[in-house]
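Chain identifiers are assigned alphabetically (A, B, ...) following the order of the sequence lines, protein sequences preceding nucleic acid strands; residue numbering begins at 1 within each chain.
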Amino acid sequence: SQTIHQWPATLVQPVGSPLSLECTVEGTSNPNLYWYRQAAGRGLQLLFYSVGIGQISSEVPQNLSASRPQDRQFILSSKKLLLSDSGFYLCAWSDPGEGFFGQGTRLTVV
Amino acid sequence: QKEVEQDPGPLSVPEGAIVSLNCTYSNSAFQYFMWYRQYSRKGPELLMYTYSSGNKEDGRFTAQVDKSSKYISLFIRDSQPSDSATYLCAMFRAQKLVFGQGTRLTINP
């Protein structure tokens, strides 16, 4: 069966520090991969999606970037975090249509 | 205008009631329609997945899709306190998975 791993679960980072969140999927090949951000009490905002290795589509211009170095690995990065980058970050995969989520990373920028 | 609109609620109903949750969408290119349940501080969990117009039933849950009206619904029968959560609709088109804002539901014992 397919599983999705996302870590860390919780992260507190100072303003201006770099960020790297990693997501890996097991049990499927060539999945569509997604990064979402969820503000408190709000819906899911699509940040990036990828349909294959090295193929990244950005939905919202901002302080973040994404990379897909391997088929089942998706990384969300920032060179310098802003206070406004705080939120709940979720990785998901889709094959296609129905999507399955990791447990999320709660990022607090202080 | 957002591609997917969902009333954020909150919605509060007594235990045993029938719950109706709804979303509308503007882009007829959406092909797949999903409902997710999200408990506090957790990732969303896929509840229902449909492709065509009509009804799909799974236990106490029924998903309904009306493509002509661009309207989807989730019905929960015999609601339980454990159903208290945020429910998100989602739709898939052109490799993108787009979500509604989510409806916060509370089932009161």
### Query
Counting heavy-atom pairs under 4.5 Å to chain A, which of Gln31(B), Lys42(B), Lys96(B) comes out on top?
Lys96(B)
### Message
Need one label for Gln38(A): side chain, backbone, both or neither, based on atoms under 4.5 Å from any heavy atom in chain B.
### Response
side chain
### Message
Check for me, please, whether Val4(B) and Leu105(B) land in the same ILVMFWY cluster - side-chain distances under 4.5 Å, paths through other members count.
### Response
yes
### Query
Can Tyr36(A) be reached from Tyr49(B) by stepping across I, L, V, M, F, W or Y side chains whose heavy atoms are under 4.5 Å apart?
yes
#### Entry: Proximal component of Pro44(B), with respect to chain A [non-hydrogen, under 4.5 Å]
both
### Message
Counting only non-hydrogen atoms closer than 4.5 Å, can you tell me which residues of residues 100-110 of chain A sit against chain B?
### Response
Phe100(A), Phe101(A), Gly102(A), Gln103(A), Arg106(A)
### Task
Following the transitive rule for hydrophobic clusters with a side-chain heavy-atom cut-off under 4.5 Å over Ile, Leu, Val, Met, Phe, Trp and Tyr, establish whether Tyr32(B) and Met48(B) coincide in one cluster.
no
### Query
Which residues pass the side-chain hydrogen bond (donor to acceptor under 3.5 Å, both in side chains) test with Asp7(B), sequence neighbours left out?
none
### Task
Would you please go through residues 76-90 of chain A and name the residues with a non-hydrogen atom below 4.5 Å from one of chain B, in numerical order?
Phe88(A), Leu90(A)
### Query
For Glu45(B), is it the side chain, the backbone, both or neither that has a heavy atom under 4.5 Å from a heavy atom of chain A?
neither
### Message
Heavy-atom pairs under 4.5 Å with chain A - which of Arg41(B), Gln6(B), Met91(B) has more of them than the others?
### Response
Arg41(B)
### Query
Can Trp93(A) be reached from Leu47(B) by stepping across I, L, V, M, F, W or Y side chains whose heavy atoms are under 4.5 Å apart?
no
### Query
Checking Arg93(B) against chain A: side chain, backbone, both or neither under 4.5 Å from a heavy atom?
neither
### Residue-level interface, residues 46-56 of chain A with chain B, non-hydrogen cut-off under 4.5 Å
Leu46(A), Tyr49(A), Val51(A)
## Note on the structure
In Leu88(B), Leu97(B), Val98(B), the residue satisfying side-chain contact (heavy atoms from CB on, under 4.5 Å) with Leu44(A) is Leu88(B)
### Query
Would you say Tyr36(B) and Ile76(B) are hydrophobically clustered, going by side-chain heavy atoms of ILVMFWY under 4.5 Å?
no
